[in-house]
Student: 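Sending over a structure as C-alpha cells; questions will come in a sec.
The model shown is predicted, which means the values in this text are computed figures rather than measured ones. One is the number of the first residue; the rest follow in order along the sequence.
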Amino acid sequence: SGASWPDFWITPEDIEKAPLFTGRPGNGKEEKFAKQFETATAEEKSLFDRPRAQALWYAKVLRRFPATLRPLQSWELEVSHHDFLVRASEEAERHQEYFDDSKSSASGTPRSGGDGLSSLLPAGQLDASALGNGSSGDLPDERGPKPLPPPPAEPTGLPQCPEGGISVRQLLAYMCLGESPEEGLSRSVAVLGPTPTDGAAVSMSDMHAMLLQLGARPTPSIASGDGMPCLPSLAQMCKEFGVQPSSQLRASDVIGNSKAQAMLSKFGLRQRHCRVQAEKLFPKKAAQQRPRPAPPAEPAGGGAA
C-alpha cells in the first residue's frame, strides 16, 4: 500500500525471474562460450546459467547496500537545506546585533547635547533626503529579514521494506547508466518517469530526483565548513535552470540548457549517469608495467662475525 512507480520493493526471487540479462539457456550464446573454452572432463558438463547467476549477484549487492525511498530522501534533503537557511538567518541576526552601534552602552565622556551637524544645517534639512534621493527604495528596510518558509512536511503512508527487499528505483537507476551523461539521463527519464516513452516530459520534482538519483544513491555527507548540503534543493535547481517548480521538462531540455549543464558540472552530477568500464578501474597495462620490488640485499660479510 502507498506504493507508486518506481518507489516500491521487490524480493530477490523477483529479480531472479525477471529477464534482466540476455543469454538464457537455449539461445546458443552460453554453448558457444563453453565450446570456446572447453576442457576435458570425465563426465558430461552441464550448461551454466550465467544470466541467473548474474541476477542473483546483482540482488546480493543491492541487499548489501540498501537504498532509501525517494520521497523520504527528498524530504531529508529539503530539511537539511531548511536547517541551513535557519542557521544562516540566526547568524546574520546575531552579527547585526553585535555590530549595531545604537545599542552600545553610553560613554562616560561629557558631550554637548547636539552632534554639531544639526547646527550647520537649516531646520528640517536633516531628513530622509540625507539618506538618499527621498525615494522609499533607498530608505533602510524597517521590516527586518525576510521570513523563512516553513519546514517541509514529512511524507507519510510510504511502503514498508520487507525482509531482504530491494528498491525498484535503485535497481533500474543503476541499469539506466549510459556511455555518456546525456544517454544516462535519457534512459532514466524514459524508464523511471510516469510515462515510459522516449522524449516524455516529467515534472520538475521528478527531474530533480532523477538528476540527483534520489532513492538510488546515498546523499553525500556535508563537506563544507558552513554546513551547506552537497546536493541542491528543488528550489535551488529551479533557480539555476530558470524554470518554475511546476514546469514540465524533457531530457532534451536539460541536455540543451547551458545553465543546467553548468549546474550539473558544479555539483558533480554528470558522472553519476555514466557507466565506468572495468578496464578503466583496473587497467591491465598499469599492472603489467608496475616494477617488481627488488629482493632484500644480503648483509655484508656473508654471516655473523
Side-chain angles (χ1 to χ4, degrees), residues 1-21 49-83 151-178 181 184-185 187-194 196 202-203 205-223 227 229-234 237 264 267-278 281-282:
S1 61
S4 60
W5 177 262
D7 300 309
F8 58 95
W9 309 90
I10 58 176
T11 61
E13 291 76 14
D14 297 329
I15 294 183
E16 183 181 355
K17 298 176 182 178
L20 298 178
F21 303 96
D49 192 354
R50 189 178 307 276
R52 178 178 177 272
Q54 289 178 335
L56 293 177
W57 176 84
Y58 200 17
K60 185 178 180 180
V61 172
L62 295 180
R63 292 180 60 187
R64 180 63 179 84
F65 301 96
T68 306
L69 281 180
R70 173 243 169 150
L72 185 59
Q73 191 174 7
S74 300
W75 172 76
E76 293 175 350
L77 179 61
E78 296 298 330
V79 168
S80 62
H81 274 275
H82 182 269
D83 294 342
E154 183 177 0
T156 57
L158 300 178
Q160 299 296 325
C161 179
E163 183 67 24
I166 298 172
S167 171
V168 175
R169 179 180 287 271
Q170 183 186 24
L171 170 68
L172 297 179
Y174 280 107
M175 301 195 72
C176 288
L177 301 181
L185 178 59
R187 289 183 175 183
S188 298
V189 174
V191 174
L192 302 178
V202 297
S203 63
S205 59
D206 289 338
M207 182 64 71
H208 175 257
M210 294 175 191
L211 289 175
L212 273 59
Q213 292 185 330
L214 300 178
R217 295 178 183 262
T219 304
S221 59
I222 298 175
C230 297
L231 296 179
S233 64
L234 176 59
M237 180 171 289
L264 296 180
F267 289 95
L269 301 177
R270 290 176 54 86
Q271 60 268 25
R272 280 174 169 246
H273 299 271
C274 296
R275 292 194 300 264
V276 179
Q277 301 295 334
L281 294 176
F282 309 98

Student: Is there a side-chain contact between Val79 and Pro151 (heavy atoms, below 4.5 Å)?
Tutor: no

Student: If we ignore hydrogens and angles and just use 3.5 Å, is the side chain of Arg217 paired with the main-chain N or O of Leu212 as donor and acceptor?
Tutor: no

Student: Measure across Pro152 and His82 and return the closest heavy-atom pair with its distance rounded to 0.1 Å.
Tutor: CD-CB, 4.3 Å

Student: Between atom CD1 of Ile10 and atom OG of Ser167, what is the distance when rounded to the nearest 0.5 Å?
Tutor: 8.5 Å

Student: For the residue pair Ser80 and Asp83, confirm or rule out a side-chain donor-acceptor distance under 3.5 Å.
Tutor: no

Student: When rounded to the nearest 0.5 angstrom, what is the spacing between CG in Leu177 and CZ in Arg272?
Tutor: 11.0 Å

Student: Indicate the atoms forming the closest heavy-atom contact of Cys230 with Ser221, along with that distance.
Tutor: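 Closest approach of Cys230 to Ser221: SG-O, 3.0 Å.
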
Student: Quick one: are Val191 and Pro6 in side-chain contact, heavy atoms under 4.5 Å?
Tutor: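 Val191 vs Pro6: side chains apart.
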
Student: What are the two closest heavy atoms between Arg63 and Pro12, and how far apart are they?
Tutor: CD-CG, 3.6 Å

Student: Considering non-hydrogen atoms only, spot the tightest contact between Ala67 and Trp9 and give its length.
Tutor: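 The answer is O-CH2, 3.4 Å.
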
Student: Please round to the nearest 0.5 Å and tell me the distance separating atom CD of Gln170 and atom OG1 of Thr68.
Tutor: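 The CD atom of Gln170 sits 9.0 Å away from the OG1 atom of Thr68.
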
Student: Is it true that a side-chain atom of His273 and a backbone atom of Gln213 form a donor plus acceptor pair closer than 3.5 Å?
Tutor: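 Answer holds: no.
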
Student: Would a distance-only check, ignoring hydrogens and angles, find a side-chain to backbone donor-acceptor pair under 3.5 Å from Gln73 to Ala209?
Tutor: no

Student: Please find the pair of heavy atoms, one from Pro155 and one from Pro71, that lie closest to each other, and give the distance.
Tutor: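 Looks like CG-O, 3.8 Å.
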
Student: Quick one: does any side-chain atom of Trp5 pair with a main-chain N or O of Pro194 as donor and acceptor, under 3.5 Å?
Tutor: no

Student: Compare all side-chain heavy atoms of Thr11 with those of Glu16 and state whether any distance is below 4.5 angstrom.
Tutor: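 When only atoms from C-beta onward are counted, Glu16 and Thr11 do not touch, as no gap falls below 4.5 Å.
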
Student: From Arg70 CZ over to Leu77 CG, what is the distance, rounded to the nearest 0.5 angstrom?
Tutor: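 Answer for the CZ-CG pair, Arg70 versus Leu77, is 11.5 Å.
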
Student: Can you tell me how far apart CG (Leu214) and CG (Asp7) are? Round to the nearest 0.5 Å.
Tutor: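 Reported to 0.5 Å precision, the distance equals 10.0 Å.
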
Student: For Glu78 versus Leu234, what's the shortest heavy-atom pair and its separation?
Tutor: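 Closest heavy-atom pair between Glu78 and Leu234: OE2-N, 3.0 Å.
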
Student: How many angstroms lie between atom CG of Leu192 and atom CE of Met207, to the nearest 0.5 angstrom?
Tutor: 11.0 Å

Student: Kindly list each side-chain donor-acceptor pair under 3.5 angstrom involving residues 55-62, sequence neighbours excluded, with atom names and distances?
Tutor:
unit_1, atom_1, unit_2, atom_2, d
Tyr58, OH, Leu171, O, 3.3

